[in-house]
Amino acid sequence: MLTHDAAVLKAREIASSVLAPSAGQNDSAGRFSTEAVQSLGESGLLGLLLPVDVGGAGLGPHTFADVTATLAEADASVAMAYVMHICATATISAARSGATHAVAPVLHEIAAGRHLSTLAFSEAGSRSHFWAPLSRAQRNGDGVHISANKSWVTSAGHAQSYVVSALAPEGAGPTDSTLYLVAAGTRGLSVAGPWDGLGLRANASAPVALNDCNVPVDFQLTDDGAGFHAMLNVVLPLFNLGTSAVALGLCRAAVTGTASHLKNAKFEHLGQSLGESLPNLRAQLATMQIDADGLSARIDDLIEHLETPSEMTMLRVLETKAAAGEVAIAVTSTAMRVCGGAAFSKHLSIERLFRDAHAGAVMAPTGDVLREFIGKSLLGIPLF
Ligand SMILES: Cc1cc2nc3c(=O)[nH]c(=O)nc-3n(C[C@H](O)[C@H](O)[C@H](O)COP(=O)(O)OP(=O)(O)OC[C@H]3O[C@@H](n4cnc5c(N)ncnc54)[C@H](O)[C@@H]3O)c2cc1C
């Protein structure tokens, strides 16, 4: 049985032996690390949150956050693919009763470490407003046909399945969506372009096209029109926690990398290291540490809310991702300044952290949208 401590230890081992040695090269080449996914599978981490009765570890948000931050410290691309997988598996695991029989083998395969899943929500037409897909499922006997242009899907072409959103066949409003589980080999599903991002370059977040994909009724994960509810209540808390943990891992890596540079880079003419010589650099390093620890405390608070929900929990879910995106950008930007030319000329991994940190604020719900939701909810204005 995988315990919290054992899971974090396994994440540490994978981070140091599999992720760290190749993170730089995979970033440069935009190469998805299949060996990272294999290690996560073999260690039982792909089934981290799945119930014990399907072979999962039955662990919770605390372990998910610690494992994710540990992976992100070594390679945020892998950590983000892991976050999307955990969100997708939670959605599959929460499937409506009519789908539980059909998805059981998928859950067993995930728990056995042989199946990677992901979320395919965002569409080219509604952009970051993932809650409003433009695609609409069409009835096809008992099941549906789906055609959709999914704009960015992490692990595209590497996942064994996709949790896909589409408007319900008879849905009346823009958020009346349904979620479906679509196997990677489904006829009509294809990776529709390359992924060449500024950051998170090694996580294959490419567009995916669905052309008349046939989805049997057994693989309809939510009731008709209940996709929006699952997005907000199943996916959003885990996604916001996971992206915040990725941000924390990036901050920790930036602090470690900067401290190491300040210790090792020398002013030979002064006979001192940079850190010994310059108090302004020491002060900036201290600010980075304060910000990273502040984010860590915020994440701990969110975990407590998710473990013991109250009426404030959704506010914390929104606040934490908004804050995490800003903190990661601030900490890695400071690291770029402190490490100067060595960072700018890519002699250190700091510039990869800086680029990766910018993805969190762009990924939906974006930092702007989160602030919009928080502001509206404080004023009692409906969010949608
Ligand atoms: C690395 C990466 C991986 C991704 N992986 C996935 C995935 O696996 N699955 C998936 O479904 N999607 C994924 N996405 C898509 C992502 O979640 C967003 O949908 C996408 O980045 C939105 O980009 P956009 O510029 O088209 O957004 P736009 O909607 O065009 O936003 C442009 C700007 O407008 C702001 N804005 C938009 N709406 C509002 C508003 N209401 N109020 C205030 N400001 C607003 C935004 O904050 C942003 O600054 C991924 C994206 C990235 C970058």
Side-chain angles (χ1 to χ4, degrees), residues 26-27 30 32 72 75-91 116-135 146 148-159 161-166 174-175 177 179-180 182 184 189 191-210 227-228 230-232 234-236 238-240 242-243 246-247 250 318 321-322 325-326 328-329 352 355-377 381-384:
N26 287 341
D27 171 69
F32 186 91
D75 187 340
S77 283
V78 172
M80 191 58 84
Y82 184 67
V83 168
M84 301 316 273
H85 166 81
I86 291 293
C87 292
T89 59
T91 315
L116 182 74
S117 194
T118 190
L119 301 175
F121 289 174
S122 307
E123 297 197 356
S126 49
R127 309 184 72 90
S128 62
H129 297 187
F130 64 87
W131 54 87
L134 296 186
S135 61
I146 303 177
N149 290 322
K150 297 297 180 180
S151 47
W152 284 280
V153 180
T154 295
S155 309
H158 298 277
S161 67
Y162 300 83
V163 173
V164 170
S165 59
T175 60
S177 63
L179 301 184
Y180 302 90
V182 181
L189 185 146
V191 177
W195 167 243
D196 184 13
L198 174 77
L200 297 187
R201 291 179 46 75
N203 78 358
S205 292
V208 166
L210 290 92
F228 179 63
M231 284 175 183
L232 289 197
V234 180
V235 178
L236 189 67
L238 286 176
F239 177 73
N240 282 14
T243 46
V246 171
L250 285 164
L318 303 177
K321 180 178 182 288
E326 297 300 323
I329 289 172
R352 170 167 55 84
R355 288 185 284 104
D356 288 351
H358 282 74
V362 173
M363 290 180 77
T366 68
D368 293 321
V369 167
L370 289 164
R371 282 180 178 73
E372 180 63 353
F373 285 173
I374 293 165
K376 278 183 171 172
S377 74
I381 300 170
L383 301 197
F384 296 95

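As a basis for the values below, the full set of heavy atoms in this structure was taken, side chains included, without hydrogen atoms, waters or symmetry mates. Every number for a ligand or one of its atoms is a count from 1 in the order of the listing.
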Side chain to side chain donor-acceptor pair (under 3.5 Å) between S161 and S117, intermediate numbers included: CA-CA 5 Å; S161 67; S117 194; 2.7 Å; yes
Part of M84 with heavy atoms under 4.0 Å of ligand 1, whether side chain, backbone, both or neither: side chain
Close N or O approach (R127, ligand 1; < 3.5 Å): yes
Worked verdict on N203 versus S205 for side chain to side chain donor-acceptor pair (under 3.5 Å): CA-CA 6 Å; N203 78 358; S205 292; 2.7 Å; yes
N203, any N or O under 3.5 Å of ligand 1 N or O: no
Heteroatom proximity flag, W195 to ligand 1, N/O under 3.5 Å: no
For atom 31 (O) of ligand 1, closest protein heavy-atom neighbour: S128 OG, 3.9 Å
H158 and F32 aromatic ring geometry - parallel, tilted or perpendicular at 30°/60° bounds: parallel
Pairs involving residues 199-208, ordered by first then second residue, that meet salt bridge (charged side-chain N to carboxylate O under 4.0 Å, His left out) (sequence neighbours left out): D196-R201
Contact check: H129 vs ligand 1, nitrogen or oxygen atoms, below 3.5 angstrom: yes
Distance in Å, S128 OG paired with W152 CH2, rounded so as to fall on 0.5 Å steps: 9.0 Å
Of L119, V164, V191, T118, the residue whose pairing with V153 passes side chain to side chain contact (heavy atoms under 4.5 Å, CB included): T118
Atom 9 (N) of ligand 1 [closest protein heavy-atom partner, distance rounded to 0.1 Å]: L119 O, 2.9 Å
Heavy-atom nearest neighbour in the protein, as seen from atom 36 (N) of ligand 1, with distance rounded to 0.1 Å: V369 CG2, 4.3 Å
Identity and separation of the nearest protein heavy atom to atom 12 (N) of ligand 1: S122 OG, 2.8 Å
Rounded distance (nearest 0.5 Å) linking atom OG1 of T154 with atom OH of Y82: 15.5 Å
Residue and atom name of the nearest protein heavy atom (relative to atom 52 (C) of ligand 1), distance in Å to one decimal: M363 CG, 3.7 Å
Residue selection (non-hydrogen contact nearest atom 24 (P) of ligand 1) among F121, F373, F130, W152: W152
Trace of the ring-ring contact (aromatic ring centres under 6.0 Å, His included) decision for F121 with Y162: CA-CA 9 Å; F121 289 174; Y162 300 83; over 10 Å; no
Numbered atoms and elements of ligand 1 in range of A364, under 4.0 angstrom, heavy atoms: 16 (C), 17 (O), 18 (C), 19 (O)
Heavy atom of the protein closest to atom 34 (O) of ligand 1 (residue, atom name, distance): D368 OD2, 4.6 Å
Under-4.0 Å heavy-atom contact with ligand 1, by part of S205 that carries it: side chain
Stepwise side chain to side chain contact (heavy atoms under 4.5 Å, CB included) check, F373 with R371: CA-CA 5 Å; F373 285 173; R371 282 180 178 73; over 6 Å; no
Close N or O approach (A359, ligand 1; < 3.5 Å): no
Partners meeting side-chain hydrogen bond (donor to acceptor under 3.5 Å, both in side chains) with S135 (sequence neighbours left out): E123
Working for side chain to side chain contact (heavy atoms under 4.5 Å, CB included), residues L318 and L236: CA-CA 9 Å; L318 303 177; L236 189 67; 4.1 Å; yes
Check: K321 side chain, G360 main-chain N or O, donor-acceptor pair, under 3.5 Å: yes
Ligand 1 versus T366: contacting region, heavy-atom distance under 4.0 Å: side chain
Residue and atom name of the nearest protein heavy atom (relative to atom 8 (O) of ligand 1), distance in Å to one decimal: T154 N, 2.9 Å
N or O pair under 3.5 Å between L200 and ligand 1: no
Where ligand 1 meets V153 - atom numbers and elements under 4.0 angstrom, heavy-atom basis: 7 (C), 8 (O)
